[in-house]
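The block underneath contains the structure these notes are about, expressed in structure tokens.
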Amino acid sequence: NPVNDADPPAVKKEEMKIWSYDEINTFLEHCAGERHYLTFLLAIYTGLRRGEILGLKWSDVDFINKTINVQRSLAYIPKKGYILTSTKTRKSNRIVPISDTVVNELVTYRKQQEMYKEQLGELYQDEDFVICTETGSKQDPRNVLRALKRLITTSGVTQIRFHDFRHTHASILISKGV
């Protein structure tokens, strides 16, 4: 077998990058008022995966106890499009505490979403998503990545992947002694 003499390809591993507190603040200040501000805020302050954030429904948010119940994810399935799936692993189903800052942003965002609903009337597709298009439908994750790249470039912070928000969040927790 000629493959026996071949060397396997090198495994390319993406280098993990995280942001400092200054970079987090710079980025969030820069994208305040942007359509995906809440998406990025949730990623940084909760460590949720992109699909988990996009699959989040208002019924998953407990404003009284300040928690988010993670139980689904938005995923792309070829020939089916974007659908809600279970989380990556069984342990991915979890209850995540959220800060007062995140609660306040969620309340503000929900009021804005209610205005869109009222303006569009029957055209609004109310699927109960926290992060959705202006018409209420599922948000395309590629649009989130496009916005992330643009905002990173214009804010001048270190280039990171969306998944690096999870590492940034974990670093914040470690620095706080959690």
Are [X] and [Y] connected in the hydrophobic side-chain network, where two residues link if heavy atoms are under 4.5 Å apart?
{"X": "Ile53", "Y": "Val107", "result": "yes"}
{"X": "Leu145", "Y": "Ile160", "result": "yes"}
{"X": "Leu74", "Y": "Phe162", "result": "yes"}
{"X": "Tyr45", "Y": "Tyr21", "result": "yes"}

Next on the checklist: Evaluate Leu106 against Leu38 for side chain to side chain contact (heavy atoms under 4.5 Å, CB included), listing each step before the verdict.
Outcome noted: CA-CA 8 Å; Leu106 283 164; Leu38 183 63; 3.8 Å; yes

Contact check, side chains of [X] and [Y], non-hydrogen atoms, under 4.5 Å:
{"X": "Thr85", "Y": "Ile83", "answer": "yes"}
{"X": "Phe63", "Y": "Trp58", "answer": "yes"}
{"X": "Cys132", "Y": "Gln125", "answer": "no"}
{"X": "Thr67", "Y": "Ile98", "answer": "no"}
{"X": "Leu48", "Y": "Val70", "answer": "yes"}
{"X": "Leu42", "Y": "Val102", "answer": "yes"}
{"X": "Ile44", "Y": "Ile172", "answer": "yes"}
{"X": "Cys31", "Y": "His36", "answer": "no"}

Item to check | No-hydrogen, no-angle side-chain donor-acceptor test under 3.5 Å, Thr168 and Ser171 | outcome: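 No pair is found: no donor N or O on one side chain lies under 3.5 Å from an acceptor on the other.
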
Checklist entry - Would you say the side-chain atoms of Thr46 and His169 include a donor-acceptor pair closer than 3.5 Å? => result no

What is the distance from atom [atom1] of [X] to atom [atom2] of [Y], rounded to the nearest 0.5 Å?
{"X": "Arg50", "Y": "Leu148", "atom1": "CZ", "atom2": "CG", "answer": "9.5 Å"}
{"X": "Phe27", "Y": "Thr154", "atom1": "CZ", "atom2": "OG1", "answer": "8.0 Å"}
{"X": "Ile95", "Y": "Ile68", "atom1": "CD1", "atom2": "CD1", "answer": "11.0 Å"}
{"X": "Lys138", "Y": "Thr133", "atom1": "NZ", "atom2": "OG1", "answer": "10.0 Å"}
{"X": "His30", "Y": "Thr153", "atom1": "NE2", "atom2": "OG1", "answer": "9.0 Å"}
{"X": "Ser86", "Y": "Asn93", "atom1": "OG", "atom2": "CG", "answer": "7.5 Å"}

Checklist entry - Hey, is CD on Gln159 packed in by over 12 heavy atoms from elsewhere, all under 6.0 Å? => result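 Yes, CD of Gln159 has more than 12 neighbouring heavy atoms, counting only those of other groups under 6.0 Å.
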
Checklist entry - Is it the case that more than 12 heavy atoms not belonging to Lys57 sit under 6.0 Å from its NZ atom? => result yes

Checklist entry - What pairs of residues pass the ring pair (Phe, Tyr, Trp, His ring centres under 6.0 Å) test when at least one of them lies in residues 118-144, not counting sequence neighbours? => result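 Found none.
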
Checklist entry - Do any pairs count as a ring pair (Phe, Tyr, Trp, His ring centres under 6.0 Å) and have a residue in residues 82-120, sequence neighbours left out, and if so which ones? => result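 Found Tyr76-Tyr82.
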
N/O donor-acceptor pair under 3.5 Å between [X] side chain and [Y] backbone:
{"X": "Asp60", "Y": "Leu56", "result": "no"}
{"X": "Asp126", "Y": "Gly136", "result": "no"}
{"X": "Arg72", "Y": "Leu84", "result": "no"}
{"X": "Trp19", "Y": "Thr158", "result": "yes"}
{"X": "Gln113", "Y": "Val130", "result": "yes"}

Checklist entry - Does Glu122 pair with Lys117 as a salt bridge, N-O distance under 4.0 Å? => result no

Next on the checklist: Could you go through Gln139 and Arg35, starting from their C-alpha distance and side-chain angles, then the distance that decides it, and tell me whether this counts as side chain to side chain contact (heavy atoms under 4.5 Å, CB included)?
Outcome noted: CA-CA 11 Å; Gln139 177 62 60; Arg35 174 137 182 68; 3.9 Å; yes

Next on the checklist: Evaluate Arg161 against Asp164 for salt bridge (Lys or Arg N to Asp or Glu O under 4.0 Å), listing each step before the verdict.
Outcome noted: CA-CA 5 Å; Arg161 303 167 298 155; Asp164 290 330; 2.7 Å; yes

Checklist entry - Below 6.0 angstrom between ring centroids: does that apply to Phe40 and Tyr37? => result no

Kindly give the heavy-atom pair with the smallest separation between [X] and [Y], and that separation in Å.
{"X": "Ser73", "Y": "Gly51", "result": "OG-C, 3.2 Å"}
{"X": "Arg49", "Y": "Ser92", "result": "NH1-OG, 3.2 Å"}
{"X": "Gly47", "Y": "Arg94", "result": "O-NH2, 4.3 Å"}

Checklist entry - Taking only residues two or more places apart in sequence or in another chain, which ones pass side chain to side chain donor-acceptor pair (under 3.5 Å) with Glu29? => result none

Item to check | CA sep, side-chain torsions, deciding dist, call: Glu114, Lys111, salt bridge (Lys or Arg N to Asp or Glu O under 4.0 Å) | outcome: CA-CA 5 Å; Glu114 291 297 325; Lys111 287 177 186 173; over 6 Å; no

